[in-house]
2 protein chains.
Amino acid sequence: MADSLTLDPVDLEILRLLQNDARTTYRDLAAAVGVAPSTCLDRVSRLRRGGVILGHALRLDPAKLGRSLEALLSVQVRPHRRELIGPFVERVRALPESLSLFHLTGPDDYLVHVAVVDAADLQRLVLDEFTSHKEVARVETRLIFQQWSCGPLLPPGAAAT
Amino acid sequence: MADSLTLDPVDLEILRLLQNDARTTYRDLAAAVGVAPSTCLDRVSRLRRGGVILGHALRLDPAKLGRSLEALLSVQVRPHRRELIGPFVERVRALPESLSLFHLTGPDDYLVHVAVVDAADLQRLVLDEFTSHKEVARVETRLIFQQWSCGPLLPPGAAAT
DNA sequence: CATGAAACACGGTTCTC
DNA sequence: GAGAACCGTGTTTCATG
């Protein structure tokens with residue numbers, strides 16, 4: 001079900017180019033790939049319908065918005081039952097500081113990527129929104145020194161050209 | 001320097017809407033915010049020039065590309081010196097399995113978000129690309145059960161409307 | 001290739017300081 | 001009176017059948 005869509009080299013090249021700049025026009029895309037613009041449009045529509053392309057996101061600089069400090073919070077939720085973790089997840093997702101949230105294997109159940117103003121703001125966030133809630137058994141905070149984006153996402157075995 | 005740009009309510013609303021769908025036209029944007037389309041264009045250009053908007057990214061579904069398993073790898077690099085960590089970072093960024101890479105505080109220096117085919121593929125990745133390299137002192141692998149995106153990124157104090 | 005729409009540049013106008 | 005912000009229009013480029 002996951003890989004129900006067949007991706008030929010043209011699709012792969014389109015995905016690779018659009019990951020560099022999602023605003024590339026179909027005209028430029030067509031010129032780079034070597035097909036007609038209408039074909040490009042068809043391919044992208046098909047990739048969107050097929051769920052390969054989930055959407056177009058804006059990449060923002062949190063520091064430019066006054067959130068100069070980023071951190072990862074490892075959170076243990078105990079007891080780890082559905083009626084507790086559902087509300088926990090929704091509450092964390094709604095926090096203005098939250099960037100993304102993961103449910104993981106291992107001793108720490110959740111990992112939260114947050115962007116805050118400074119260390120004092122981080123302390124406030126951890127105390128008021130995490131450790132003060134009774135379902136939160138433990139929080140471990142790690143600051144992010146630096147982060148990097150990686151190469152384009154491609155299927156296994158696709159040459160990175 | 002980070003917050004040199006003043007963001008009024010119109011800018012904030014534009015950022016909020018564009019985070020929902022980065023392909024919203026200036027016309028629709030203008031109608032939603034209540035200003036002229038040309039003004040919208042001016043605002044977005046200013047946000048791009050000011051570095052608030054870093055770019056436009058494509059959101060893809062790794063599972064639909066045949067990478068159905070995601071994991072986080074915590075990596076200790078020892079000794080933690082510049083001449084070792086520079087090449088390590090570049091090597092990890094170039095792996096087709098890597099999605100993002102963080103340099104963190106705490107006992108584990110790096111966190112790598114990877115997308116692989118299955119558990120066997122993950123084992124191969126950890127053994128061949130991490131533990132077999134002499135600068136890698138320790139790797140801890142955690143699988144990702146589920147992940148969530150969070151609300152739009154806004155400056156602290158901005159009402160989430 | 002043709003049509004309709006969107007992006008973009010420009011000039012006019014108003015409001016504020 | 002000077003500056004900035006906003007708005008409407010005209011031209012070019014693009015999406016789409």
Side-chain angles (χ1 to χ4, degrees), chain A residues 4-61 63-67 152-154 161, chain B residues 1-61 64-65 152-161:
Chain A
S4 56
L5 211 56
T6 308
L7 301 173
D8 68 9
V10 171
D11 292 315
L12 296 181
E13 187 65 7
I14 287 176
L15 286 176
R16 211 177 58 76
L17 290 168
L18 281 181
Q19 282 180 77
N20 281 339
D21 178 8
R23 288 207 326 180
T24 308
T25 64
Y26 293 115
R27 191 171 162 274
D28 294 347
L29 215 53
V33 177
V35 299
S38 51
T39 305
C40 263
L41 178 66
D42 287 347
R43 294 306 184 99
V44 173
S45 306
R46 185 168 148 274
L47 291 171
R48 294 187 122 261
R49 278 197 316 274
V52 178
I53 295 176
L54 295 173
H56 293 251
L58 210 58
R59 295 194 313 110
L60 298 181
D61 183 352
K64 284 281 166 55
L65 292 174
R67 301 186 178 274
L153 179 64
L154 292 173
T161 313
Chain B
M1 174 244 136
D3 201 7
S4 56
L5 210 56
T6 308
L7 300 173
D8 69 7
V10 171
D11 292 314
L12 297 181
E13 187 66 8
I14 287 175
L15 287 176
R16 211 177 58 77
L17 290 168
L18 281 181
Q19 283 180 76
N20 281 339
D21 179 7
R23 288 204 330 179
T24 307
T25 65
Y26 294 115
R27 189 172 156 275
D28 294 347
L29 215 53
V33 178
V35 298
S38 49
T39 303
C40 264
L41 177 67
D42 287 346
R43 295 304 188 99
V44 173
S45 306
R46 197 171 72 91
L47 291 171
R48 295 187 121 260
R49 281 197 313 276
V52 177
I53 296 176
L54 295 173
H56 295 250
L58 210 59
R59 295 194 312 111
L60 298 181
D61 183 352
K64 284 282 167 55
L65 292 173
L153 180 62
L154 292 172
T161 310

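Just so we're on the same page: letters track the sequence lines, and every chain starts at 1.
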- If you round to the nearest 0.5 Å, how far is CG of B:L65 from CG of A:L12? 8.0 Å

- Could you tell me whether B:R46 contacts a base, only the sugar-phosphate backbone, or nothing, with contacts defined as non-hydrogen atoms closer than 4.0 Å? nothing

- Can you tell me how far the NE2 atom of A:H56 sits from the CG atom of B:L18, to the nearest 0.5 Å? 12.5 Å

- Taking the side chain from A:N20 and the backbone from A:L17, do they hold a donor-acceptor pair closer than 3.5 Å? no

- Item | Integer-rounded Å distance: D:dC14 C1' and A:L29 CG | 13 Å

- Note on the structure: In B/S/- notation (B base, S sugar-phosphate only, - none; protein heavy atoms under 4.0 Å), nucleotides 3-17 of chain C written 5' to 3' is ---SSB---------

- With no hydrogens and no angle check, is any side-chain donor or acceptor of B:Q19 less than 3.5 Å from a backbone partner on B:L15? yes

- Item | A:R23 (side chain) donor-acceptor with B:R23 (main chain) under 3.5 angstrom | no

